[in-house]
Each structure stands twice: as structure tokens, then as C-alpha cells.
There are 2 protein chains.
Amino acid sequence: MRTDDLGQELPEINSDGEALVYMAIADFVAGQIERGERAVGSRLPSELDLSNMWGVARMTVRRAIRELRERGLVNAVHGKGTFVTRPAPEE
Amino acid sequence: MRTDDLGQELPEINSDGEALVYMAIADFVAGQIERGERAVGSRLPSELDLSNMWGVARMTVRRAIRELRERGLVNAVHGKGTFVTRPAPEE
DNA sequence: ATGCATTTGTCCGTATGTATG
DNA sequence: TCATACATACGGACAAATGCA
């Protein structure tokens with residue numbers, strides 16, 4: 001059972017109806033952020049770590065992070081890391 | 001307002017169309033040298049001071065100084081400092 | 001000559017950015 | 001999408017050269 005840095009099981013890619021690998025990863029991490037499991041200001045695992053966790057190429061992870069950036073969920077800082085920027089919405 | 005040792009305001013990096021941090025710093029200092037605001041033979045602020053002024057890592061300052069060396073504008077001397085070597089061109 | 005502070009030189013590890021095949 | 005390579009950037013550590021008290 002593959003798990004990430006939060007100990008959460010990683011879904012099999014392309015077996016859950018997600019057409020694009022990077023989008024499946026982005027959606028998974030976005031869910032963690034929006035549920036508050038990844039705190040605002042906390043750093044994501046590095047692109048290299050994420051690519052190892054998911055068993056995908058680093059460029060695919062970068063594409064997922066770009067998706068998260070465009071959704072306003074994270075902010076990448078050159079040489080430091082990628083950080084959660086938005087709090088989970090109150091429901 | 002961040003200023004350097006000449007009292008000049010330092011531009012925000014990556015907001016002036018400069019893609020590279022070190023190049024923005026190199027261009028800024030090169031402009032001072034070429035306008036004669038930094039005299040030939042005068043010493044630049046230390047790498048540590050420059051990195052504090054600009055709010056960047058020392059290695060980034062060193063990359064900028066390397067750029068200035070390659071343009072023939074400065075000369076670094078171990079244990080002493082980095083000195084302006086070329087006069088402003090006559091116009 | 002000794003120690004201390006300053007400054008450049010070098011190296012390491014990690015991380016993001018860009019480019020190519 | 002993968003795989004690789006290189007560039008840029010951060011942060012820290014230590015070495016080497018200089019100058020001064």
C-alpha cells in the first residue's frame with residue numbers, strides 16, 4: 001500500500017476515472033488542502049519526493065503543482081519549496 | 001524602501017521583466033559602474049552585505065558578481081573584496 | 001607571533017525552473 | 001508521460017587570504 005507523507009493511501013492512477021495522471025494527483029492533494037489536512041503555510045513534499053511517492057516523473061508532479069497554483073492553493077518558491085497558501089473554506 | 005550603500009533604491013526583483021535574479025542584480029550594479037556612480041578602484045559592498053541588501057542568498061550575489069567579472073567591470077580579490085576595474089565609457 | 005574579524009573561495013545538499021528527446 | 005540534463009536559487013559549512021589590534 002503506497003502512502004504519502006501524511007500516511008494517506010495513494011489511489012491507483014487511471015483506475016478511478018481520472019483521465020490525466022497529473023490531474024489525479026492535483027485533485028488528491030487539493031482535497032487534502034481543502035480538508036485542512038495540509039495546513040496553510042506548510043510545505044508540500046519536494047517534487048522529487050512526490051514523484052517517488054506516486055511513481056511518476058518529476059515533470060508530471062510539476063504539472064500537478066502548476067494545476068494547484070492555478071487554483072490558488074499553493075505557491076512555489078524557488079530554492080525553498082512549494083507551500084500551501086489557501087485555508088480550507090468554511091462550510 | 002530598500003536602498004544600497006549608495007543610497008539608491010533597489011528595484012523589486014522579478015517585477016521588472018528580469019527573469020533571473022542574479023541578472024537583475026548584475027544589471028543594476030553594472031549601470032552604477034557605467035554611469036560612474038561606482039568609481040574605478042572602489043570596492044563593492046561585501047558579498048554578505050549585498051546578499052542582505054538584496055534579500056537573496058550569497059550564492060546568488062556571487063553569480064551576479066561572476067556576471068560582472070565576465071563583463072570586465074569588476075575584479076574580486078581573495079580576502080579583500082571586489083573592486084571596480086573599468087571606467088565609465090566616454091560618450 | 002598571536003588571535004580576531006572580515007572577505008572571497010569552495011563545497012555540499014536540497015529544491016524549483018527550463019529544455020530536450 | 002517519461003527520462004535526463006543542466007541552470008538557478010536557497011542555506012549552511014568550512015577553508016584561505018587579508019588586515020588589524
Side-chain angles (χ1 to χ4, degrees), chain A residues 2 4-5 10-29 38 41-85, chain B residues 2 4-5 10-30 33 38 41-85:
Chain A
R2 296 179 314 142
D4 69 4
D5 58 311
L10 303 183
E12 290 306 314
I13 296 176
N14 287 339
S15 69
D16 56 353
E18 282 278 5
L20 303 179
V21 173
Y22 81 84
M23 195 64 78
I25 297 175
D27 286 341
F28 186 84
V29 177
R38 292 193 181 276
S42 69
R43 211 200 73 188
L44 298 189
S46 73
E47 295 172 354
L48 188 60
D49 286 344
L50 285 171
S51 63
N52 289 333
M53 285 177 195
W54 287 89
V56 299
R58 188 187 152 212
M59 291 305 298
T60 303
V61 167
R62 283 183 60 74
R63 185 64 188 82
I65 288 176
R66 174 179 151 193
E67 181 66 25
L68 293 172
R69 267 195 291 116
E70 289 169 350
R71 297 189 200 173
L73 293 175
V74 302
N75 176 37
V77 181
H78 197 171
K80 300 185 76 171
T82 301
F83 301 87
V84 177
T85 53
Chain B
R2 298 178 314 143
D4 68 4
D5 58 310
L10 302 183
E12 289 305 315
I13 296 176
N14 288 339
S15 69
D16 57 351
E18 282 276 7
L20 302 180
V21 174
Y22 82 84
M23 196 64 79
I25 296 175
D27 285 342
F28 186 84
V29 176
I33 293 173
R38 292 194 182 275
S42 70
R43 210 199 74 184
L44 299 188
S46 75
E47 296 171 353
L48 188 60
D49 286 343
L50 285 170
S51 63
N52 288 333
M53 284 177 195
W54 287 89
V56 300
R58 187 188 153 210
M59 290 307 298
T60 303
V61 167
R62 284 184 61 76
R63 184 65 188 81
I65 288 176
R66 173 179 151 191
E67 181 69 24
L68 294 172
R69 265 196 292 117
E70 288 170 350
R71 296 188 201 175
L73 293 175
V74 302
N75 177 38
V77 181
H78 196 173
K80 299 184 74 172
T82 301
F83 301 87
V84 177
T85 54

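Keep in mind that what you see is a predicted model, and the values were worked out from it rather than measured. Numbered from 1 within each chain, the chains take letters A, B, ... in sequence-line order.
Applying the 4.0 Å criterion to OP1 and OP2 of D:dC10, one finds that B:T60 has a side-chain N or O inside that range. At C:dG17, one or more side-chain N or O atoms of A:R62 fall inside 4.0 Å of OP1 or OP2 (strictly under the cut-off). Side-chain nitrogen and oxygen atoms of B:T82 include at least one within less than 4.0 Å of the OP1 or OP2 phosphate oxygen of C:dT8. Under 4.0 angstrom from either OP1 or OP2 of C:dA15 there lies at least one side-chain N or O belonging to A:R43. OP1 or OP2 of D:dG19 has at least one side-chain nitrogen or oxygen of B:K80 nearer than 4.0 Å.
Atom OG1 of B:T60 sits about 12.0 Å away from atom CG of B:L50, to the nearest 0.5 Å.
One interatomic measurement links the two molecules: CZ of A:R58 to P of D:dT1, which rounds to 16 Å at whole-angstrom precision. Atom CG in A:N52 sits roughly 13 Å away from atom P in C:dT14 (whole-Å rounding).
Remark: the A:R66 side chain and the C:dG17 base include no donor-acceptor N/O pair separated by less than 3.5 Å.
Environment of CZ in B:R2: crowded, with over 12 heavy atoms of neighbouring residues, nucleotides or ligands closer than 6.0 Å.
Of the listed nucleotides (D:dG12, C:dA19, D:dA15), D:dG12 has the atom at the smallest distance from the side chain of B:M59.
With respect to B:D5 and B:R38, a salt bridge is recorded, a charged nitrogen being found less than 4.0 Å from a carboxylate O.
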